[in-house]
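Before we start, here is the structure in question, set down as structure tokens.
Heads up: numbering here begins at 1 and tracks the sequence. Side-chain atoms are counted along with the backbone in the values below, which use heavy atoms only and exclude waters and symmetry mates. Both ligands and their constituent atoms are indexed starting at 1 by order of listing.
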Amino acid sequence: MPRLSVNLNKVALIRNSRGANFPDLIKVARDCERYGAQGITIHPRPDQRHARYDDVAALKEVVTTELNIEGYPTEKFLDVVLTTRPDQVTLVPDEPGQLTSDHGWDTMKRADELRPIIGRLRNAGIRTSIFVDPDPKMLDGALAIGTDRIEFYTGPYAHAYDTDRDGAVAPFASASAHAAALGLGINAGHDLNLDNLAYFVSKLPDLQEVSIGHALVVDALYFGLENTIQLYLNRLEN
Ligand code: PXP
């Protein structure tokens, strides 16, 4: 069963909107783990509008499952993760100021830039993952630059789920089989929710981890955090 890593960016956004430490991200992370989450993710962006760079070290102190830090590899970002050494770093091609992640890396064109960064992370004992679209060429490129895992950008799947779920999942299922044959680990995330998650998981038997934030936090408004995490775990099991 793929692991559920809860992305806490939206919790940090609520905290930041009032300037005090409420809700307390550390308490929420601990509670997510207590309720069954198998990982905690944050994605600090350069403007730090939701997760902040100093949240990384604070979470590293308390997370007992797996800490995954996502982000664009600026020198500041690399400095933070190389110092803190989370379990996994997911490199995302977001330019500073971007609203949310909406595409994967071009692992061919940007190979010379990514290869040494992945090398630095691996030398620090950090598992690396890079955000990609479900394109076999990009997976070949991912292997060539030395990453341990890839994370599929699942936005297009989620957006097409209601109208054509078979067509929407097909490129991910075949890309996942290709990635597994290459020996790459496989993660996925973006816009996954209680409706579209189980079907996606059922079609990607090699999937190791999903990271889910926006929908999970919204669902928690209605169902509560503990119930919501159980609902997501249930979707991952089935
Ligand atoms: N993966 C990456 C690389 C992301 O940038 C995000 C959003 O921060 C997610 C996964 C989670 O997406 P969502 O918040 O839509 O669940």
Proximal atoms of ligand 1 relative to His43 (non-hydrogen, under 4.0 Å) =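 Within the 4.0 Å cut-off of His43, ligand 1 contributes 4 (C), 5 (O), 8 (O).
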For Val92, the ligand 1 atoms whose distance to one of its heavy atoms is below 4.0 Å =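 So the atoms of ligand 1 that pass are 3 (C).
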Arg30 atom CZ: more than 12 heavy-atom contacts under 6.0 Å |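 No - once you tally the heavy atoms of other residues, nucleotides and ligands closer than 6.0 Å, there are 12 at most.
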Nearest protein heavy atom with distance in Å, relative to atom 8 (O) of ligand 1 =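 I find the closest protein heavy atom is Asn7 ND2, 3.4 Å.
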Looking at atom 11 (C) of ligand 1, what's its closest protein heavy atom, distance included?
->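 Nearest protein contact, heavy atoms only, for atom 11 (C) of ligand 1 is Ser211 O, 3.8 Å.
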Give yes or no for whether the N/O distance cutoff of 3.5 Å, strictly under, is met between His214 and ligand 1.
->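 His214 vs ligand 1: N/O contact under 3.5 Å present.
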Distance under 6.0 Å and angle within 45° of the ring axis: does Lys203 meet both against Phe172?
->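 Judged by the rule, Lys203 and Phe172 form no cation-pi pair.
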Distance to 0.1 Å, residue and atom name: give those for the protein heavy atom nearest to atom 16 (O) of ligand 1.
->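 Among all protein heavy atoms, the one nearest atom 16 (O) of ligand 1 is Gly213 N, 2.8 Å.
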Greater than 12 external heavy atoms within 6.0 Å of Glu61's CD |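 At most 12 heavy atoms, drawn from other residues, nucleotides or ligands, come within 6.0 Å of this atom.
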Among all protein non-hydrogen atoms, which one is nearest to atom 1 (N) of ligand 1, and what is the separation to 0.1 Å?
->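 Here the nearest protein heavy atom works out to Glu151 OE2, 2.6 Å.
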Testing Thr90, Asn68, Asn187 for side chain to side chain donor-acceptor pair (under 3.5 Å) with Thr41, which one passes?
->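 Only one option passes, and that is Asn68.
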Using distance alone, decide if ligand 1 has a nitrogen or oxygen within less than 3.5 Å of any nitrogen or oxygen in Phe131.
->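 No; every N/O pair is 3.5 Å or more apart.
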Identity and distance of the protein heavy atom lying nearest atom 5 (O) of ligand 1 =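 That would be Ser101 OG, 2.5 Å.
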Non-hydrogen atoms of Ala215 versus ligand 1: any pair closer than 4.0 Å?
->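 Heavy atoms of Ala215 never come under 4.0 Å of ligand 1.
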Can you tell me the protein heavy atom closest to atom 15 (O) of ligand 1 and the distance?
->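 For atom 15 (O) of ligand 1, the nearest protein heavy atom is Asp191 N, 2.8 Å.
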Report the member of Arg45, Glu70, His190 with the shortest heavy-atom distance to atom 12 (O) of ligand 1.
->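 The option holding the nearest heavy atom is His190.
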Only one of Arg127, Gln38, Gln88 passes side chain to side chain donor-acceptor pair (under 3.5 Å) with Glu66; say which it is.
->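 Testing each of Arg127, Gln38, Gln88 against Glu66, the sole residue satisfying side chain to side chain donor-acceptor pair (under 3.5 Å) is Arg127.
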Hey, are Asp47 and Arg45 close enough for a salt bridge, meaning a charged N less than 4.0 Å from a carboxylate O?
->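 Looking at Asp47 and Arg45, the cut-off is not met.
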With a 4.0 Å cut-off, would you call Asp79 and Lys76 a salt bridge?
->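 No.
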Step-by-step side chain to side chain contact (heavy atoms under 4.5 Å, CB included) determination, Ile42 to Glu70 | CA-CA 6 Å; Ile42 56 168; Glu70 302 174 344; over 6 Å; no
